[in-house]
Number of protein chains: 2
Amino acid sequence: MTVPLSTPVGHRGYADVRIRAVRDRPRQPGEEAPHIALSASERAELGRLAQIIDFRTAGSLIFPQGGDANFVYLLRAGLVRICHSLRNGERQVVAFHWPGDLFGLTEETKYVNSAETVTPARVYRFQAAKLESFLLKNPKIQDRFLIKAIHDLRHAQRQIIVMGRFDIPRRLGIFLIDCSAHETYFDQSTRVLTVPMNRYDIADYLGTSAETVTRAFTRLERAGLLRRVTARAIELKPEKLKTFVNFE
Amino acid sequence: MTVPLSTPVGHRGYADVRIRAVRDRPRQPGEEAPHIALSASERAELGRLAQIIDFRTAGSLIFPQGGDANFVYLLRAGLVRICHSLRNGERQVVAFHWPGDLFGLTEETKYVNSAETVTPARVYRFQAAKLESFLLKNPKIQDRFLIKAIHDLRHAQRQIIVMGRFDIPRRLGIFLIDCSAHETYFDQSTRVLTVPMNRYDIADYLGTSAETVTRAFTRLERAGLLRRVTARAIELKPEKLKTFVNFE
DNA sequence: CGCGGCCTTGAGCCCTATCAAGGCAAGTGG
DNA sequence: CCACTTGCCTTGATAGGGCTCAAGGCCGCG
């Protein structure tokens, strides 16, 4: 039996669990900023439940839409897109996930969306049933999961606002600003964003077409809000962009 | 000091807590279908934490966007819209809430959106800090809140798909089908939906304008998918509508 | 060096936003 | 009981943003 290139790679050893979310109330003095505080022992306990899986290639399928949902996933490294395919073949990218994000939304034991890697990625995988019973015994950790779910809900509602009331150049501007929050892809000193996904991914996330995304780039560039060093390396003018999109 | 008509009315007595959500796994034989199972004692415990408030008029403000977020709300009766206002004055209706729904999303102790009644409504109000510490001591109830949050997340992602990939007539069709799930407003025998919100609310929910909503109604009617008995009483052809929207 | 995937640009058309006006129904005051 | 107001709904005309189809350019890789 041969192993295709996209086959995930399992690992031994304990997972180092970190969850990305912002509390709904001000952070405590010692609390880690963009990630939720888990104590060392909590992380260790959770880590023992997790299975580590590496996806070595971009475009790997983590789980398919409609597939049996036995696992909940936590992204440790890399970038993941969550896609929903419609009957007519159109696709909506429901979310991009960055390190620290949980994913694997289900309905009636089936995954609602598919999850695919945008870059090579490492994920932690939890058996759903085991995780649920574990959380019931660990209210403090369960509380973190609740906070994370609410964080994601807030983000989804924000995306509804963006899709409902902003034209495409503005949606793109908001998207680029969001991307620039991730240091792996944004160089603070040069202000160059290395866009990890292609125009189709961006288009399907913003509810438009790849051509229109390109045209939006062109317009933002002409307006002096960014500069395309290459198609995937974008030098941003964050202040001007924020003024232009006029959101939050 | 006079009491404006829209003033909420407080009540004594215990709240009867019911949370509307679908589990992510098949329901147990005895489990109540569209609502989450809470035992009588759990409901009683939660009920003791709640304050009951009645809003007697449509259009009452429950809390404002940007206001200090001290409470989490649970809708017991009536209909509530969650609105987000943009700097340019445009408005996006982020969600409609039906009985059993929780609302009051916050960020940094401020409400992210405003909440307003669409009909007279009764809500239960929980002090956020008290509720959180209560949930930490009651993992089973906390689990229900987590399930509810995930339920709402799923719904928000679904709305992203709708706004990203469906034209306005189809969005309206999906919306009407969703409304018809609520027996208070949909007469199963006559198939007449009493739409509780006006064209502007619908428009701001679907990411369009009131005129376009009317035009979408006209088109659906011409196609024989519904019949406007009055502007607010719509006789649906559910099967035809579902075929037309071709979603889920 | 040639191929394939991705990005960009152009042309034409359609859907939807916007502006404008008229209709309808409920509520108010004379 | 009727004129009047007001909020909501509907329809028309027009303009424009974005989609679709098409073609050409770029770049990394085998």
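Each chain gets a letter, A, B and so on, in the order the sequences are listed, and its residues count up from 1. Heavy atoms only: backbone and side chains are in, while hydrogens, waters and symmetry mates are out.
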Q: Can you tell me the distance, in whole Å, between the CZ atom of B:R171 and the C1' atom of C:dC15?
A: 11 Å
Q: Using whole Å, report how far CD of A:E221 lies from P of C:dT9.
A: 8 Å
Q: Between the base of C:dT18 and the side chain of B:R215, is there any donor-acceptor pair under 3.5 Å?
A: yes
Q: For the ring pair B:Y205 and B:F96, is the centre-to-centre distance below 6.0 Å?
A: yes
Q: Heavy-atom distance under 4.5 Å between the side chains of A:R18 and A:P99, does that happen here?
A: no
Q: What is the distance, rounded to the nearest whole Å, between atom CD of A:E211 and atom C1' of C:dA11?
A: 13 Å
Q: A side-chain contact here means heavy atoms from C-beta on lying under 4.5 Å apart; do A:I161 and B:L86 qualify?
A: yes
Q: So A:T208, base contact, sugar-phosphate only, or nothing? Heavy-atom distance under 4.0 Å.
A: sugar-phosphate
Q: Kindly give the atom pairs (protein nitrogen or oxygen, nucleotide nitrogen or oxygen) under 3.5 Å for nucleotides 6-9 of chain D.
A:
| from | atom 1 | to | atom 2 | distance (Å) |
| --- | --- | --- | --- | --- |
| D:dC9 | OP1 | B:R232 | NE | 2.7 |
| D:dC9 | OP1 | B:R232 | NH2 | 3.4 |
| D:dC9 | OP2 | B:R199 | N | 2.8 |

Q: Under 4.0 Å from OP1 or OP2 of C:dC15: is there any side-chain N or O of B:T212 that close?
A: no
Q: If you fit an axis to the five pairs at each end of the helix from C:dC1-D:dG30 to C:dG30-D:dC1, how big is the angle between those two axes, to 10 degrees?
A: 30°
Q: With a cut-off of less than 4.0 Å, is there a side-chain N or O of B:T218 near OP1 or OP2 of D:dT11?
A: yes
Q: What is the distance from CD of A:E90 to P of D:dC19, rounded to the nearest Å?
A: 10 Å
Q: I need the minimum non-hydrogen distance between B:E107 and A:R154, along with the two atoms involved.
A: OE1-CD, 3.3 Å
Q: Write down the distance between CZ (B:R219) and P (C:dT16), rounded to a whole number of angstrom.
A: 7 Å
Q: Cut-off 3.5 Å, no hydrogens considered: what does the side-chain donor-acceptor table look like for residues 173-183 of chain B, sequence neighbours left out?
A:
| from | atom 1 | to | atom 2 | distance (Å) |
| --- | --- | --- | --- | --- |
| B:D178 | OD1 | B:R158 | NH2 | 3.1 |
| B:D178 | OD2 | B:R158 | NH1 | 2.9 |
| B:S180 | OG | B:I177 | O | 2.7 |

Q: Assess A:R170 against A:F244: is NZ or CZ under 6.0 Å from the centre of the six-membered ring, and within 45 degrees of the ring's axis?
A: yes
Q: Mind calculating the distance between CZ (B:R165) and P (C:dC15) to the nearest angstrom?
A: 17 Å
Q: Which pair of non-hydrogen atoms, one from A:V112 and one from A:Q65, has the smallest distance, and what is that distance?
A: O-CG, 3.3 Å
Q: If you round to the nearest 0.5 Å, how far is CG of B:L79 from OH of B:Y185?
A: 5.0 Å
Q: Minimum heavy-atom separation for A:A69 and A:K110, please, with both atom names.
A: CB-C, 4.0 Å
Q: Nearest whole Å is fine: how far is C:dG5 C1' from A:D201 CG?
A: 13 Å
Q: Using a cut-off of 4.0 Å on non-hydrogen atoms, how would the nucleic acid contact of B:G59 be classed: base, sugar-phosphate, or nothing?
A: nothing
Q: If the cut-off is 4.0 Å, is B:S209 near the phosphate of C:dA17, judged by side-chain N/O to OP1 or OP2?
A: yes
Q: How many Å lie between CG on B:L220 and C1' on D:dT10, as a whole number?
A: 15 Å
